[in-house]
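Heavy atoms only: backbone and side chains are in, while hydrogens, waters and symmetry mates are out.
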Amino acid sequence: MKAKSFIATALSFCLLLGCTACSAQPQQEPSSPPASSSSEDNSETVQEQTPTYVIGFNNYNMATDFPQQLYDGIETAAENAEADIEIMYAEAAGDPQKMVSNIDTFITAGVDLIIDFNFNPEVGTTLSQKCSEAGIPLISVDCFYENAYFFGVNNLLAGKTAGEYLAQLVKDQWDSSMDYLVLEFNNSAGAEVRQRLEGIVEGLAENGIELTDEQIVWIDYNNDTTKAQSTAADFLTAHPDSSKIAFGVLTDPAAAGVLAAVETAKRSEDCMIVSHGGEAVAIEMLEKDNCYQGTVCYDPAQYGELLIPLAVKLMNGEEIETMNYSQQYMLTRDNLDS
């Protein structure tokens, strides 16, 4: 204790002398304080983090080429996107209950956006209502749903594309006349998709091939390739003397069924077939010598390149058009290898 007291007394005496000496010196302007470390911290820029999104993809199935290519294209585009995107996958196979339950699962999981590829506009209204209530944007692919965003085929233009090509074939091979135009459609796909076949009629008319109502036959094959084959076979059996029959078919797999019916009936010289999709089965038919003439190719593998940027805009809160279209062209034997 004494030592500490002594030191304290000595320090006090020295400080007193120091203060007296300082008072004798002229006053100087105080120097600027050194920069604090906190100012250095404030100057550091904060790197923005890449946003992370989850997209629910409700696919029809993986049984045919089109939905497989669509899924692969979406996955590839998601991997290459600037945003960090995870795809949550489910299949519905056109089952209305499964379509709804998959959407419920996505909503419960808290996805940021839903892409639906099915063909049921009536159920689509339910899906869009559920998504709206949950505050989740919904993009429907190739089938128009009320109160949802659409991405896919410009159906009427696609039909006209097929009709224009078919008209040229009729002029070149059938002397500009036809007996019948048989349109194999899927009624459950709705009025929007039906335009792919209505457009064929318009495309023919716009290119000089006029048909009466009696010459245009509509057949609902209910999205069943076997039924597409059997209904085509029934029509051929009922019209044994007709030698200029054109089939316009909603999908490539159904067109394969129609071709099987034509070849079984040995009526290839009497028929022409065009369809929609651009799937592998269409390419296989074009690689052979038969009456199948071509398909309006939608290139589903490329859908993702346009779909994912649209999805990112929506998830970022940006506005997009309600109707958004993919590219399409007529694929025939002439441009098959190009």
Checklist entry - Between Asn155 and Arg196, is there a donor-acceptor pair closer than 3.5 Å when you use the side chain of the first and the backbone of the second? => result no
Next on the checklist: Is any side-chain heavy atom of Asn118 closer than 4.5 Å to one of Val123?
Outcome noted: no
Next on the checklist: Quick check on the hydrophobic clustering: are Phe144 and Leu197 connected, directly or via other members, by side-chain heavy-atom contacts under 4.5 Å?
Outcome noted: no
Checklist entry - Does some side-chain heavy atom of Phe150 sit less than 4.5 Å from a side-chain heavy atom of Tyr325? => result yes
Checklist entry - Considering residues, nucleotides and ligands other than Glu319, do more than 12 of their heavy atoms fall under 6.0 Å from its CD? => result no
Item to check | Hydrophobic cluster membership, Ile87 vs Val54, 4.5 Å side-chain cutoff | outcome: no
Item to check | CD (Gln173) with more than 12 external heavy atoms under 6.0 Å | outcome: yes
Next on the checklist: Around atom CD of Glu321, are there more than 12 heavy atoms from other residues, nucleotides or ligands closer than 6.0 Å?
Outcome noted: no
Checklist entry - Are Val141 and Ile85 connected, step by step, through hydrophobic side chains (Ile, Leu, Val, Met, Phe, Trp, Tyr) whose heavy atoms are closer than 4.5 Å? => result yes
Checklist entry - What orientation do Phe57 and Tyr71 show, parallel under 30°, tilted 30 to 60°, or perpendicular over 60°? => result parallel
Checklist entry - Taking Tyr298 as the fixed residue, which of His276, Gln327, Gln69 is the one that meets the side chain to side chain donor-acceptor pair (under 3.5 Å) rule? => result His276
Next on the checklist: Any heavy-atom pair between the side chains of Ser326 and Asp299 that's under 4.5 Å?
Outcome noted: no
Next on the checklist: Can you confirm whether more than 12 heavy atoms, excluding those of Asp172, are under 6.0 Å from its CG atom?
Outcome noted: yes
Next on the checklist: Within a 6.0 Å radius of atom NZ on Lys98, are there more than 12 heavy atoms belonging to other residues, nucleotides or ligands?
Outcome noted: no
Item to check | Close side-chain approach of Tyr149 to Leu314, heavy-atom, < 4.5 Å | outcome: yes
Item to check | side chain to side chain donor-acceptor pair (under 3.5 Å) between Tyr329 and Asn335, intermediate numbers included | outcome: CA-CA 10 Å; Tyr329 61 93; Asn335 63 355; over 6 Å; no
Next on the checklist: Counting C-beta onward and ignoring hydrogens, is there a side-chain heavy-atom pair between Lys171 and Ile209 closer than 4.5 Å?
Outcome noted: yes
Checklist outcome for this item: With Leu181 as partner, the option from Val217, Val170, Leu204 fulfilling side chain to side chain contact (heavy atoms under 4.5 Å, CB included) is Leu204
Checklist entry - Do Ser268 and Glu263 have side-chain heavy atoms sitting under 4.5 Å apart? => result yes
Checklist entry - Can you check whether Asn186 reaches Asp220 side chain to side chain, under 4.5 Å on heavy atoms? => result yes
Checklist entry - When you look at Tyr292 and Ser275, which way does the side chain to side chain contact (heavy atoms under 4.5 Å, CB included) test go after all the steps? => result CA-CA 9 Å; Tyr292 180 74; Ser275 60; 2.6 Å; yes
Checklist entry - Mind checking whether Asp179 and Ser243 have side chains closer than 4.5 Å, heavy atoms only? => result yes
Item to check | ILVMFWY cluster, Phe119 and Val296 together (side-chain gap under 4.5 Å) | outcome: yes
Checklist outcome for this item: Output for pair (Glu86 CD, Thr52 OG1), nearest 0.5 Å, gives 9.5 Å
Checklist entry - Under 30°, 30 to 60°, or over 60°: which ring-plane class applies to Phe235 and His239, parallel, tilted or perpendicular? => result parallel
Checklist entry - Crowded around Glu164 CD? As in, over 12 foreign heavy atoms under 6.0 Å? => result no
Checklist entry - Is the Phe117 ring parallel, tilted or perpendicular to the Tyr60 ring (thresholds 30°, 60°)? => result perpendicular
Checklist entry - Tyr53 and Leu307: same hydrophobic cluster, using ILVMFWY side-chain contacts below 4.5 Å? => result yes
Checklist entry - Pick one: which of Leu236, Ile245, Thr231 meets side chain to side chain contact (heavy atoms under 4.5 Å, CB included) with Val182? => result Ile245
